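The structure displayed is predicted, hence computed values, not measured ones.
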Amino acid sequence: MAEPTVKVQICADTNATLMDGDCMKWFGRLSLIGLLICSSTLLWSAETPPSASKTPATPQGEAETFEKAVLPFLNKHCLHCHDDKVQKGELRIDTLSRDFAGGGSAGHWGDVMYRISSAEMPPPEEPQPTADEASHVAEWLNARIKEGEMARLAKRERVTFQKLTREEYANTIYDLLGVHFDAMDPSALPEDPNWHGFERIGSVLSLSPAHVEKYFAAAEAALAEAFPEAEPKKTLIKWDPSNFRHIRDKEKLIEQGLWDKVRLDVWAGSTFTGHPGSVQHLTIPTAGDYKVRIKLSGLKPPNGRAPHMTVYAANLDRMLHEQDVLAPEDQPIVVEFQTHFTAGTHVIRTTNEVPAPSNLGRAGRSGSKPFFSIKDGRFPWQRKLTDEEGNPIEPFLLVDWIEWEGPILSAFPTSVQQRFALTNDDPSQARDVITRFAEAALRRPTKPAEVDRLVALMQAEIAKGEQPIAALRTGMLAVLCMKDFFYIVEGSREENHRQINDWELASRLSYFLWSTTPDEELLAAARSGTLHQPEVLKAQVARMRRDPRIERLTDGFARQWLQLRGVGMFPPDKKLYPDYDDHLQKSMINETTAYFDHVLKQNLSLREFIDSDWTMCNARLAMHYSIPNVSEDRFQRIALKPDDHRGGLLTQASVLTLTSDGTRHRPIHRGKWVMESIIGRSPPPPPANVKPVEPTPPTQPKTTLRMKLVAHLSDANCASCHKKIDPLGFAFDNYDAIGRYRTEELVKDGTGNNPVIDASGQLVDGRKFHDAEGLKEILLSDLDKFNAAFIEKLSTYALRRAMTIDDRKQLTDLAQHSQHDGHRLASIVEALVLSELFQSR
């Protein structure tokens, strides 16, 4: 049989393609994937303004001015460390282009200017220029950089594209269609690359062939769930103890009326089955949200940990739910939560996730005898559950049953179905529905030509016998495969403008604060052309801050700014840190994000990030910090005392753990983290072939890691950087690899007692401190510097790009506004949104 002919039309001013109706069915998936690929090729065809097609020539006579104003200074103070023979910090100045308009070297000259004006360079041991000499060179460089700014801006592409991260894609699908898309599913979208911790930088995110297929599959599945042809049938699945273990005489127990009293005894570190790693298979007939109920008790030993129940879907690599459970044996509770499942069989592992000695021996495992209570339910030769006073020996769970019910719908048809209802094959109705959907999905007004193609596509489906709902899904699928859906598009091919329009502002604002598509109120403001007005924009920011979706900012920005992705990258050694577990690791991260959330919602000062007399804590983290009287698993604000040795971000366990390697703390990594995240300066990468730290010989006295690292300062190639980095890390030597406070360093090698920790240090400017608290005081005295660094990080997140020399003036203006406003976080967010920086391309 001859293959059908397929015609594909691509229009330069649209995102859609149209195929002959006879081919649509046969070509199906391949055709819309082709649509996605073809439309995405337009990303790289945006026109460049004719005036910017060539780099402007360097003005005549500028080289002579450089020779007179700058070169003598460089020859005297810089080039002997940054020329063809020596390039400290991997920087060579003598070959830097003097074409400031070209932009390639402007960033390097900006760095040179900053270091000269801030007296960082030349280093203290070198001959120093006078203040006038340094000021003159810095001013000359700044003037040339400013002159080149307009030329660089003229070269800006007319259209820019910023691809949604997989998390933003999932949020957008949910807020548009009401369907939970699991972006972290191993079979879903590929992991996003990051740049200095930020996962949403447009120039780093790219479209790969893997994305093309997965975008299509995700959109197809989401639409099928959002627009079912009939109301989904609700299913109730119940697991009782026999689903987990073999229990003798079940029929006899049923006859005696005792079966509903049989329970599962789940020891610490054990699954509900009693066998490590064992799973159950859950078959879900229909995709959707499911309600899960678990009836159980949780018994906690005196002064011990509470049992921690986890429900994990292994095939999805997703924790469905976890929490501490505290409930008396005779007063069980029902834990209830909702989760999303795709149709199919899922692999479920339920566990009492608390570290404990192995319970696998014959005396420990449950056996087949029915368990009823801690008083009667174990063979005489088995390990006891309680001590002589009846107190639990270990944290354990007593489980009655688990129920899985769904899909859960608040109404049918759903609100999304009602919003985009298509009841007949009337072309006018089809046009209205698909136009409204496309405007919401693409976050901009639709074009008549692209709507024409979408309506024709739907009519072709109806002509072939498809029901209106199926034809609508096909049209919507085409919309969700347009590049303007999974890319944030700014600019126009028709004109070269710097300020973004109201539609683009709505998207930028929504993806900044909520990591999702604009809601109807934002779109309405954009539609009316009033969103850019300061009073309207300010009101929208205030409204969005009150919305629960603001937690996507507090979670997303805090994780990326502080590089919390690194927590758990080097799992702590179980022999050295037996108490470390997944619950503690998640609690560490959640302390930091909950802390940021509290500072934002209460509009507190940035000072709180450096030091505070409070933190956000749950019971698991409080135990880790040795803080008493915290019994709940939820995070709550707690007061800190000086002897808790906490406060601010720098002494939180998440930060201290991510700057360790799983066996020991890493002062250099901690110092580098402080430089990057708090001070806003990135040290150069280390030279190749750096010698590792040697272990202490067995016959020598025990030494701290700090003592060994002092060797770096004896190497001139290392000293220039390490004298800036190392003191910032040594300040936190009182904290081990998992963030616990100590006064002695545990050292295996060598002889004698463990050495006492020295956390003192001296900064390059001569200021000294004795420990982490002393360093915090110094950082607080430099709060304006932290303020400027923080605003640059927040702007990078908001604008999805690195800040450049061209942004310095606007960043400085924002920093000054923050200084006058007491460095309050929510006010900084508002000022950024209202700024020219945020509203410009």
> Of all residues at least two apart in sequence or in a different chain, which pass the salt bridge (Lys or Arg N to Asp or Glu O under 4.0 Å) check with Asp582?
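Salt bridge (Lys or Arg N to Asp or Glu O under 4.0 Å) list for Asp582, sorted by chain: empty.
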
> Partners of Lys214 by salt bridge (Lys or Arg N to Asp or Glu O under 4.0 Å), sequence neighbours excluded?
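Lys214 satisfies salt bridge (Lys or Arg N to Asp or Glu O under 4.0 Å) with no residue once adjacent residues are dropped.
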
> Sequence neighbours left out, what passes side-chain hydrogen bond (donor to acceptor under 3.5 Å, both in side chains) with Thr172? Give chain and number order.
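side-chain hydrogen bond (donor to acceptor under 3.5 Å, both in side chains) check on Thr172 returns Tyr511.
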
> Does a side-chain N-to-carboxylate-O contact under 4.0 Å join Lys291 and Glu405?
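Looking at Lys291 and Glu405, the cut-off is not met.
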
> Test Asp400 against Lys261 for salt bridge (charged side-chain N to carboxylate O under 4.0 Å, His left out), laying out the working first.
CA-CA 8 Å; Asp400 295 278; Lys261 296 178 175 59; over 6 Å; no

> So, Asp581 and Arg620, do they make that salt bridge, N to O below 4.0 Å?
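Arg620 and Asp581: salt-bridged.
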
> Can Asp265 and Arg245 be counted as an ion pair, charged N to O under 4.0 angstrom?
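The answer is yes: the pair qualifies as a salt bridge.
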
> Suppose we screen for side-chain hydrogen bond (donor to acceptor under 3.5 Å, both in side chains). Which residues come up paired with Thr414, at least two apart in sequence or across chains?
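Checked Thr414 against side-chain hydrogen bond (donor to acceptor under 3.5 Å, both in side chains); matches are Gln417.
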
> Do Ser373 and Arg263 meet the criterion of a side-chain donor-acceptor pair at a distance under 3.5 Å?
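Checked: Ser373/Arg263 side chains show no N/O donor-acceptor pair below 3.5 Å.
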
> May I ask you to decide if the ring planes of Phe244 and Trp239 are parallel, tilted or perpendicular, using 30° and 60° as cut-offs?
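Rings of Phe244 and Trp239: perpendicular, over 60°.
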
> Between Thr516 and Asn171, is there a donor-acceptor pair closer than 3.5 Å when you use the side chain of the first and the backbone of the second?
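At least one qualifying donor-acceptor pair exists.
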
> Do Tyr580 and Gln585 pair up side chain to side chain, a donor and an acceptor below 3.5 Å, judged on atom types alone?
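On atom types as modelled, these side chains qualify, holding a pair under 3.5 Å.
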
> Please identify each residue that fulfils side-chain contact (heavy atoms from CB on, under 4.5 Å) with Arg634, with sequence neighbours left out.
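With neighbours one apart ignored, the set is Glu632, Gln636.
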
> Look at atom NZ of Lys574 and say whether more than 12 heavy atoms of other residues, nucleotides or ligands are closer to it than 6.0 Å.
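For Lys574, atom NZ is crowded (more than 12 foreign heavy atoms under 6.0 Å).
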
> Can you list everything that forms a side-chain contact (heavy atoms from CB on, under 4.5 Å) with Ser278? Sequence neighbours excluded, please.
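Per chain and number, Ser278 pairs via side-chain contact (heavy atoms from CB on, under 4.5 Å) with Thr271, Thr273, His275.
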
> Does anything in residues 562-571 pair up under salt bridge (Lys or Arg N to Asp or Glu O under 4.0 Å), and if so which pairs, sequence neighbours excluded?
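Qualifying pairs: Glu191-Arg565, Glu199-Arg565.
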
> Applying salt bridge (Lys or Arg N to Asp or Glu O under 4.0 Å) as the test, list every pair that has at least one member in residues 583-596; sequence neighbours left out.
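Checked against salt bridge (Lys or Arg N to Asp or Glu O under 4.0 Å) - neighbours excluded - the pairs reaching residues 583-596 are Glu322-Lys586.
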
> By side-chain hydrogen bond (donor to acceptor under 3.5 Å, both in side chains), which residues pair with Gln280, not counting sequence neighbours?
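With sequence neighbours excluded, Gln280 shows a side-chain hydrogen bond (donor to acceptor under 3.5 Å, both in side chains) to no residue whatsoever.
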
> Ignoring hydrogens and geometry beyond distance, is a side-chain donor-acceptor pair present between Arg740 and His624 at under 3.5 Å?
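No, because no side-chain N or O of Arg740 sits under 3.5 Å from a partner of the opposite role on His624.
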
> Return yes when atom CG of Asn629 has more than 12 non-hydrogen atoms of other residues, nucleotides or ligands closer than 6.0 Å, and no otherwise.
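No, the 6.0 Å shell around CG holds no more than 12 heavy atoms from other groups.
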
> Can a donor-acceptor pair be found between the side chains of His665 and Asp736 at a distance below 3.5 Å?
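Side chains of His665 and Asp736: no pair found under 3.5 Å.
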
> Step by step, work out the salt bridge (charged side-chain N to carboxylate O under 4.0 Å, His left out) result for Asp644 and Arg646.
CA-CA 5 Å; Asp644 290 324; Arg646 305 290 166 179; over 6 Å; no

> Taking only residues two or more places apart in sequence or in another chain, which ones pass salt bridge (Lys or Arg N to Asp or Glu O under 4.0 Å) with Glu389?
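Result, salt bridge (Lys or Arg N to Asp or Glu O under 4.0 Å) vs Glu389: none returned.
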
> Working to the nearest 0.5 Å, report the span between CG of Leu600 and CZ of Phe557.
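Here the interatomic distance stands at 10.5 Å.
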
> Tell me whether the rings of Tyr169 and Phe485 are parallel (<30°), tilted (30 to 60°) or perpendicular (>60°).
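Ring orientation, 0 to 90° scale: perpendicular.
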
> Hey, what's the ring geometry for Trp561 with Phe609, parallel, tilted or perpendicular (30° and 60° as the breaks)?
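Ring orientation, 0 to 90° scale: perpendicular.
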
> Please confirm whether Arg637 makes a cation-pi placement over Trp614, using NZ or CZ under 6.0 Å from the six-membered ring centre and within 45° of the ring normal.
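Yes, Arg637 sits over the ring of Trp614.
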
> For Lys295, is there an ion pair with Asp260 - N to carboxylate O distance below 4.0 angstrom?
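No.
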
> Under the side-chain hydrogen bond (donor to acceptor under 3.5 Å, both in side chains) test, which residues partner Arg664, sequence neighbours left out?
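Expected list: none.
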
> Salt bridge check: are Arg318 and Asp185 linked by an N-O gap of less than 4.0 Å?
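A salt bridge is absent here (no side-chain N lies under 4.0 Å from a carboxylate O).
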
> Please identify each residue that fulfils salt bridge (Lys or Arg N to Asp or Glu O under 4.0 Å) with Arg473, with sequence neighbours left out.
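Scan of Arg473 (salt bridge (Lys or Arg N to Asp or Glu O under 4.0 Å), adjacent residues dropped) gives Glu229.
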
